[in-house]
Peer 1: 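If you scroll down you'll find the structure; I have some questions about it.
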Amino acid sequence: MNKNLRKAVIAGNWKMNKDRTEAKALIEEMIPLVKDADCDVVICVPYTNLETALNLTEGTNIGVGAENCHWANSGAFTGEISALMLKEMGVKYVIIGHSERRQYFGETDETVNQRVRAALDAGLKVILCVGELLEQREQGITEEIVSLQTKVALQGVTNEELKNIIIAYEPVWAIGTGKTATSEQANEVCHIIRVLIEKLYGKQAADGITIQYGGSMNAKNADELVAQYDVDGGLIGGASLKASDFAVIVNAASK
Ligand code: PEP
């Protein structure tokens, strides 16, 4: 992290977990534990918990995000939620391109780009996920894959709009598997992404953009991961479901 240049952001991704009662209990436990954070704190929750999360976090330092949004503003897209709908209810962030969306729901780099566009147009901050599969890492094409995903996702995004984008480097083989990338691996790819951003948008944009690591980050390994120069916080799945663990990670990024 280099806090002089950019913001560290710790964001929880609850995935499809927690009913309303459980969400309320988790957020109430979390609020006092993260209130003194010296980094941005975000929780991305299932759609059904957004209202609860927004009400409970009002006046706190916790921002609320959704886990996806559609690219159209409205229309015949049964089961989908638009970026405008999220914005209207007070949501600030949205995760786009998570590997579980790519893997299980047919998300492509092109639809990720469309969703990014819609989210920016609606005034949301985007947490854009990119990352390679295990076989791609083994083939030595991590840089190519991550660069392609990032480039396509950002097509049509201006320098000014980039200020509303956080990139989360999430190696797919490390998500929910308990296998964390080493801090060197995490830093190396976050650096590759930063160099790409410099090529596309210039040095100031590259210095200023928040690039998180995500993939089995937890209370034990967070310190080392967020201490890396190019790792500006984390996107946290499993460990964000326990307030005390999430708070340890927030504290690690607050140092
Ligand atoms: C994620 O879902 O973005 C994630 C990083 O999950 P986990 O921390 O559980 O690996």
Side-chain angles (χ1 to χ4, degrees), residues 1 8-18 22-23 26 30 34 39-47 49-50 53 62-69 93-105 107 112 115-116 119 125-134 136-137 142 145-146 149-150 153 165-183 185-187 189-190 193 210-226 228 230-253:
M1 275 183 309
V9 182
I10 296 294
N13 172 19
W14 288 13
K15 313 193 188 202
M16 195 172 72
N17 292 297
K18 304 291 177 189
E22 292 166 336
L26 177 55
M30 195 180 280
V34 303
C39 65
D40 286 2
V41 182
V42 180
I43 51 172
C44 298
V45 303
Y47 294 129
N49 287 329
L50 285 172
I62 301 177
V64 174
E67 298 174 14
N68 190 25
C69 69
Y93 296 82
V94 62
I95 297 173
I96 297 192
H98 192 278
S99 63
E100 286 152 16
R101 302 289 322 168
R102 295 176 191 257
Q103 212 172 336
Y104 306 130
F105 302 101
E107 200 77 71
V112 168
R115 290 177 207 265
V116 166
K125 289 184 188 294
V126 171
I127 300 176
L128 166 66
C129 300
V130 296
E132 81 287 4
L133 303 170
L134 182 59
Q136 293 168 333
R137 175 162 282 267
T142 297
I145 294 295
V146 169
Q149 288 175 347
T150 307
I165 298 224
I166 294 166
I167 298 177
Y169 165 55
E170 298 212 308
V172 181
W173 47 272
I175 296 177
T177 58
K179 276 189 207 156
T180 321
T182 64
S183 47
Q185 285 171 326
N187 193 57
V189 183
C190 288
I193 296 170
T210 296
I211 304 179
Q212 303 171 313
Y213 166 77
S216 300
M217 194 189 276
N218 58 42
K220 289 204 177 90
N221 58 27
D223 252 331
E224 195 184 327
L225 285 161
V226 300
Q228 300 302 309
D230 278 301
V231 178
D232 309 315
L235 181 57
I236 324 294
S240 71
L241 298 173
K242 208 173 151 199
S244 55
D245 284 1
F246 190 62
V248 170
I249 300 171
V250 167
N251 285 337

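What you see is a predicted model, and the numbers here were worked out from it, not measured in a lab. For ligands, and for the atoms within them, numbers begin at 1 and follow the listed sequence.
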Peer 1: A quick test of your reading: do over 12 heavy atoms of other residues, nucleotides or ligands sit less than 6.0 Å from CD of E224?
Peer 2: no

Peer 1: Could you pull out all residues at least two apart from K15 that satisfy salt bridge (Lys or Arg N to Asp or Glu O under 4.0 Å)?
Peer 2: E100

Peer 1: Check each protein residue for a heavy atom under 4.0 Å from ligand 1 and list those that pass, ordered by chain and number.
Peer 2: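 Residue list for ligand 1: N13, K15, H98, E170, A174, I175, G176, G214, G215, S216, L235, I236, G237, G238.
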
Peer 1: Please tabulate, one pair per line, all N/O donor-acceptor pairs under 3.5 Å involving side-chain atoms of residues 171-181, not counting sequence neighbours.
Peer 2:
unit_1 : atom_1 : unit_2 : atom_2 : d
W173   : NE1    : E132   : OE2    : 2.9
T177   : OG1    : W173   : O      : 2.9
T177   : OG1    : K179   : N      : 3.1
T180   : OG1    : S216   : O      : 3.4
T180   : OG1    : N221   : ND2    : 3.1

Peer 1: Taking all non-hydrogen atoms of both residues, which atom of V189 and which atom of R137 are closest, and how far apart?
Peer 2: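 Of all heavy-atom pairs spanning V189 and R137, the closest is CG2-NH2, 3.7 Å.
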
Peer 1: Between D40, V42, V41, which is the residue that forms a side chain to side chain contact (heavy atoms under 4.5 Å, CB included) with I62?
Peer 2: V41

Peer 1: Output all residues satisfying side chain to side chain contact (heavy atoms under 4.5 Å, CB included) with A247, sequence neighbours left out; order by chain, then residue number.
Peer 2: L33, V34

